[in-house]
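Below, chain A is the first sequence line, B the second, and so on; all start at residue 1.
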Amino acid sequence: MTWLLENLGAVAGYLASHLTLALPPIALSFLLAVPLGWLANRFRWLRTPLLTGAGLTYAIPSLPLFIVLPIIIGTQTRDPANIIVALTIYGLALMLPLTADGLRQVNPLALDAAKAMGYPPLRRFLTVELPLAGPTLLAGVRVVAVSTVSLVTVGAVLGIPSLGSLFTDGFQRGILAEIVTGIILTVVLALLLDGLLVLLGRVLMPWTRKRPVRTQAQDAVAEVAA
Amino acid sequence: DPLGTAQPTTGPATTAAGGGGGSLTVGSQQYYSNEIIAELYAQVLEKAGFSVSRQYQIGQREIYLPELESGKIDVIPEYSGNLMQYYDKAATATDPAEITATLAKVLPAGLRALKPAEASDQDSYTVTQAFAQQHGLSSIGDLTKAPQPLKIAANSEFATRPYGPEGVQKAYGVTLELVPVEDSGGPLTLRALTDGTVQIADLYTADPSIVKNNLVTLQDPEHLILPQNVTPVVSSKVDDKAAAAIDAVDAKLTATDLQQLNAKSVDEQAKSADIASAWLKEKGLL
Amino acid sequence: MIELTGVTKTYPDGTVAVDHFDAQFPPHETTVLLGSSGSGKTTILRMINRMVDATSGTITIDGENIADRDPVLLRRSIGYVMQNGGLLPHRSVLDNIATVPLLNGEPKQQAYARARELMGLVGLDDKLARRYPGQLSGGQQQRVGVARGLAADPNVLLMDEPFGAVDPLVRADLQDELLRIQQTLAKTIVFVTHDVDEALRLGDQIILLEEGGHVAQRGTGPELLGAPASPFVADFMGLDRGSRDLFDKDGVLVDGFGRAAGVLAGDAPA
Amino acid sequence: MIELTGVTKTYPDGTVAVDHFDAQFPPHETTVLLGSSGSGKTTILRMINRMVDATSGTITIDGENIADRDPVLLRRSIGYVMQNGGLLPHRSVLDNIATVPLLNGEPKQQAYARARELMGLVGLDDKLARRYPGQLSGGQQQRVGVARGLAADPNVLLMDEPFGAVDPLVRADLQDELLRIQQTLAKTIVFVTHDVDEALRLGDQIILLEEGGHVAQRGTGPELLGAPASPFVADFMGLDRGSRDLFDKDGVLVDGFGRAAGVLAGDAPA
Amino acid sequence: MNYLLDAIAWINDPTHWPGANGIGVRLGEHLAYSVLGVLVACVIAIPAGWWVGHTGRLRGLAVGISGGARALPTLGLVTLLGILFGIGLVGPMVAFIVLALPSVLAGAYSGVESADKQAVDGARASGMTEMQVLLRVEVPLGLPLLIGGIRSAFLQVIATATLAAYVGAGGLGRFLFLGLKTQDYAQMLAASLLVVALALVCDIAFATAQRLASPTRFR
Ligand SMILES: Nc1ncnc2c1ncn2[C@@H]1O[C@H](COP(=O)(O)OP(=O)(O)OP(=O)(O)O)[C@@H](O)[C@H]1O
Ligand SMILES: Nc1ncnc2c1ncn2[C@@H]1O[C@H](COP(=O)(O)OP(=O)(O)OP(=O)(O)O)[C@@H](O)[C@H]1O
Ligand SMILES: [Mg+2]
Ligand SMILES: [Mg+2]
């Protein structure tokens with residue numbers, strides 16, 4: 001605690017750069033997963049390669065990816081773009097299967113109804129299918145958010161500042177408090193982001209806030225009595 | 001210490017056009033000791049009227065040297081032997097003066113090395129006091145008196161170094177078994193030594209834990225181990241005035257000084273900026 | 001008038017769901033497609049709004065071949081009510097009802113006003129307007145489904161077992177409601193069910209289907225009960241199970257098992 | 001004889017599902033619990049085999065208070081048949097039927113032999129023995145459910161809307177089958193349904209429930225139809241909707257809407 | 001692309017395979033660490049998950065633990081455990097277990113929860129004891145989800161097991177760190193490729209197991 005208080009300014013700076021690095025991959029992996037998830041469902045033969053591929057990408061050790069990526073995309077090693085691209089790849093690996101599942105599990109009756117009412121295809125996808133897959137997509141984004149926040153720390157090994165810098169520095173200097181501070185802050189940041197996403201979901205998907213079963217039953221009774 | 005800087009490095013350096021001496025970017029390795037030295041340079045440069053931006057904890061050589069070459073960084077504290085080997089894998093120089101001479105030749109255009117300090121921070125064969133006494137050890141060659149093979153904790157690349165197991169076998173007849181630990185002489189390596197997992201550890205000579213734990217660093221009469229004197233590498237933006245300021249620091253930086261600076265960071269958990277300014281004031285440089 | 005001529009549907013897996021089906025659904029009347037599971041009722045219904053495209057045969061609405069119409073626009077012009085309502089779970093009751101008018105570009109205010117009117121027509125409390133389907137009882141959802149089917153004021157209303165998922169009391173209510181609405185609006189309704197009682201209650205005309213959409217018999221309810229064309233019809237209508245052969249026992253009508261089925265109230269009213 | 005005295009169930013969320021319910025289910029007879037959704041039928045049924053523990057009141061079977069019995073052993077002694085069968089999807093038909101005898105430690109061979117016998121009794125082809133529930137039609141699954149309920153030869157059989165999920169034709173078949181089985185086995189059956197026709201068909205005694213398990217009326221089918229105790233009963237039995245007031249129209253019995261409901265076959269057989 | 005070819009050439013070099021420092025031994029170590037880590041996680045998480053899924057108690061806690069453990073940065077954990085336990089397998093093994101725990105736990109409880117409610121109800125009503133309901137009904141029906149959880153845990157641990165080399169243990173991480181520290185990117189990339197290939201093989205094995213656990217005949 002004392003350690004944290006004495007180094008508050010620096011830690012705040014790390015926190016800020018940590019967030020700057022974590023947010024773009026979270027957003028990007030969502031934006032990429034939606035069309036890819038749609039493809040995986042639309043074309044059956046694409047499903048297995050896409051989903052297995054996603055699973056395997058997740059198995060790439062992060063350190064070499066961070067080092068090899070700049071060679072491939074032609075950036076400098078310490079460019080934040082590397083971290084963002086690498087973490088987007090990992091995020092996509094987590095997000096894609098969930099997106100595909102979410103879209104596949106949308107109640108076909110609702111889609112059928114939308115079609116029967118005369119929704120054109122694109123509008124149907126954007127205003128019916130996507131929102132109805134919302135809860136699963138949200139679950140996916142939450143997992144991605146948590147794991148991305150945690151993965152950003154690996155960048156510290158390459159000298160990209162984040163809460164992970166507290167690990168590398170604390171380790172070299174043998175300061176346990178510094179490492180523990182880093183771990184706790186990373187977890188807290190991840191869980192805060194997660195909480196925010198849950199709130200966002202409540203706001204964007206009001207229909208998922210079901211009323212208690214009891215009132216529903218009372219409605220039914222009231223209707224029968226009416 | 002990354003925590004000593006007013007604002008930690010995020011993104012590219014802000015090289016504000018300074019008043020008297022222009023603006024310079026000082027970088028450091030991802031190594032607290034290196035950051036303290038960088039901070040020494042930064043503070044004297046500021047005193048000399050330069051506006052300095054700091055880019056600390058930039059990973060390892062393969063990451064920051066390209067940035068130095070491309071002009072994103074102007075000053076970085078380096079270590080002579082490894083720097084030479086980075087640019088010339090076949091270099092054979094082993095004593096400090098030769099290395100300085102070679103460096104001048106192999107550094108890419110636009111970069112130059114300033115005068116090395118007395119202080120160095122190099123690999124070492126370090127054993128515990130008890131082990132040294134038990135077998136009467138003072139130099140690497142004495143290790144033959146202990147039962148072979150001996151275990152040494154070091155980074156994995158130790159195996160490929162001239163002063164690694166093969167070199168030592170050839171030069172001193174000592175048989176070593178490498179236990180790879182990837183923390184570059186950090187707490188894991190130290191602990192492996194003190195808890196008896198290994199008999200020898202490759203610690204850096206400026207590591208304050210050597211003094212703290214009463215460890216014994218073995219002599220290297222055959223000069224297998226490359227000297228690693230603190231050597232600033234600078235870009236062409238560093239003019240004579242700036243170079244003079246930096247030289248003044250290195251002229252006073254001794255091996256003991258460096259160990260003490262490091263000890264302050266590790267034991268007192270002080271920030272690099274505070275450690276640096278205290279030392280500079282003590283030496284009358286600030 | 002909706003006319004189906006030689007309509008056949010073979011699904012990609014080879015199932016011949018409907019085989020050369022001919023029928024006419026007269027305007028302003030309710031035609032019930034009755035049959036057990038898998039007889040092709042839903043397939044026939046969905047070919048009318050091109051949710052399923054017929055493999056062969058022609059379907060015309062007021063003389064116009066639906067194959068020549070844009071399916072999206074065709075669907076907007078036909079009301080469709082399905083089992084469980086098929087409501088959009090993420091839209092409020094009002095939005096659900098106003099969907100088609102809004103798709104047709106009607107101004108929001110006008111569409112919502114009409115939706116509220118329809119809520120009254122189908123017997124839904126105005127307070128439910130802002131609720132989501134998941135917050136309604138089964139019966140209320142069905143009412144929303146009916147209101148939605150009527151929202152664009154279509155001439156044709158297709159209803160696929162719309163009351164299958166609810167309680168018998170609620171179901172009877174919904175049937176009453178439909179009969180009442182039909183008295184004022186007089187739509188052309190095609191109603192699919194497998195419940196004989198429901199068919200007898202709602203259908204001006206009943207088409208009883210066997211597997212493959214083959215017509216076992218068509219006619220009014222009394223015609224099917226009074227003169228079943230085949231043992232299948234008699235069986236389906238429950239005539240040879242003893243459950244529709246009713247016996248008078250002290251004013252209570254009992255079936256062949258001696259179980260009560262109704263009360264004899266006298267001769268039929270004129 | 002099963003007796004329930006002042007039985008009340010309040011669920012943890014405060015819902016009073018059943019409120020001071022009294023009833024006797026006579027041995028070797030079928031008692032139907034009839035009522036609309038949420039009236040507490042399932043709760044009453046499940047209190048008998050202690051799947052739900054009553055909040056207060058006593059339930060006795062043949063004079064013994066079930067609260068004193070080990071619930072697991074109690075359940076093995078009572079047959080239970082539920083909607084959709086509630087079969088184990090990962091066990092074959094034979095294994096499903098033999099579950100309870102095997103739990104009771106009966107030797108495998110004997111349990112399987114009995115299971116095959118039961119398959120015959122409920123009208124299942126022997127060839128289905130090795131199939132999994134997912135490979136059966138809805139009606140076949142229900143038959144397996146009934147066979148499973150009978151497997152341990154229990155005196156008491158609890159059936160919770162066992163035929164709710166199937167086609168009306170299949171449903172009628174299943175009802176016939178049950179009546180036939182009951183003629184030979186004469187179990188004490190408690191049968192839950194919300195279908196009036198089914199209740200009239202199967203029940204020796206019918207208990208019509210209002211919300212909270214309040215008894216609206218109890219008696220035989222003809223008693224409920226002939227002398228409804230309240231407007232609710234009349235409404236529920238369909239008497240004041242005009243659908244059970246039948247009129248004779250040229251031998252076809254029609255309801256108040258002029259829709260056909262049956263055929264008048266003469267006076268009741270003795 | 002060149003690096004990739006070099007890496008493949010490195011793997012194809014037969015001299016890199018045999019011996020105490022060869023690919024064969026390292027591959028075996030890597031697999032062994034992963035199996036051990038996941039196995040220990042299973043021993044802890046499966047009974048706990050089954051209990052949570054069956055009773056519905058402490059579900060919030062289980063979800064919280066899963067989420068929180070996912071947020072734990074592996075790098076921080078490895079450095080912290082390194083300082084606490086020194087070199088050797090203990091530190092990384094604890095990290096692997098922590099890493100594997102959330103997926104296995106979630107697979108265990110969600111599997112049990114996913115068992116068809118009607119089937120479970122039917123089983124209980126037939127007179128199965130709670131233990132019988134769990135072991136004979138809920139567990140077999142939840143097996144595919146459980147295996148799915150173990151599968152993703154295993155993939156994650158395989159990817160992370162390279163860190164064991166950081167603190168002196170073996171595994172494919174040895175090649176990775178040696179390559180990294182000596183700028184031998186071909187070797188480093190080769191190590192990564194081997195890790196991915198190992199993951200692929202294990203993934204296929206798990207997919208097969210998952211399919212066997214949920215034969216289509218149930219559906
Ligand atoms: N998309 C499809 N692909 C293949 N076969 C289908 C498809 N839809 C329906 N069928 C088959 O076509 C036949 C008729 O189906 P349809 O849904 O029209 O029957 P239905 O009378 O509506 O039955 P239900 O009362 O069960 O709704 C059935 O054998 C069914 O299995
Ligand atoms: N586990 C439970 N927790 C809370 N309330 C419950 C629970 N189970 C049932 N209820 C409530 O108790 C009342 C009676 O439920 P029950 O299931 O016994 O009715 P039912 O007559 O069987 O209805 P249905 O015909 O829909 O099956 C209902 O209001 C229901 O919402
Ligand atoms: Mg249908
Ligand atoms: Mg019930």
More than 12 non-hydrogen atoms from neighbouring residues, nucleotides or ligands closer than 6.0 Å to CD on Glu166(B), yes or no?
no

Name, in order of residue number, those residues of residues 46-60 of chain E that have a heavy atom at a distance of less than 4.5 Å from a heavy atom in chain B; otherwise write 'none'.
none

For residues 67-96 of chain E, give me every residue with a non-hydrogen atom less than 4.5 Å from any non-hydrogen atom of chain B.
Gly82(E), Ile83(E), Leu84(E), Phe85(E), Gly86(E), Ile87(E)

Among all residues two or more places apart in sequence or in another chain, which pass the side chain to side chain contact (heavy atoms under 4.5 Å, CB included) test with Pro108(B)?
Glu69(B), Tyr87(B), Leu111(B)

Identify the residues of residues 173-185 of chain B whose heavy atoms come closer than 4.5 Å to a heavy atom of chain E, ordered by number, or report 'none'.
Val179(B), Pro180(B), Val181(B), Glu182(B), Asp183(B), Ser184(B)

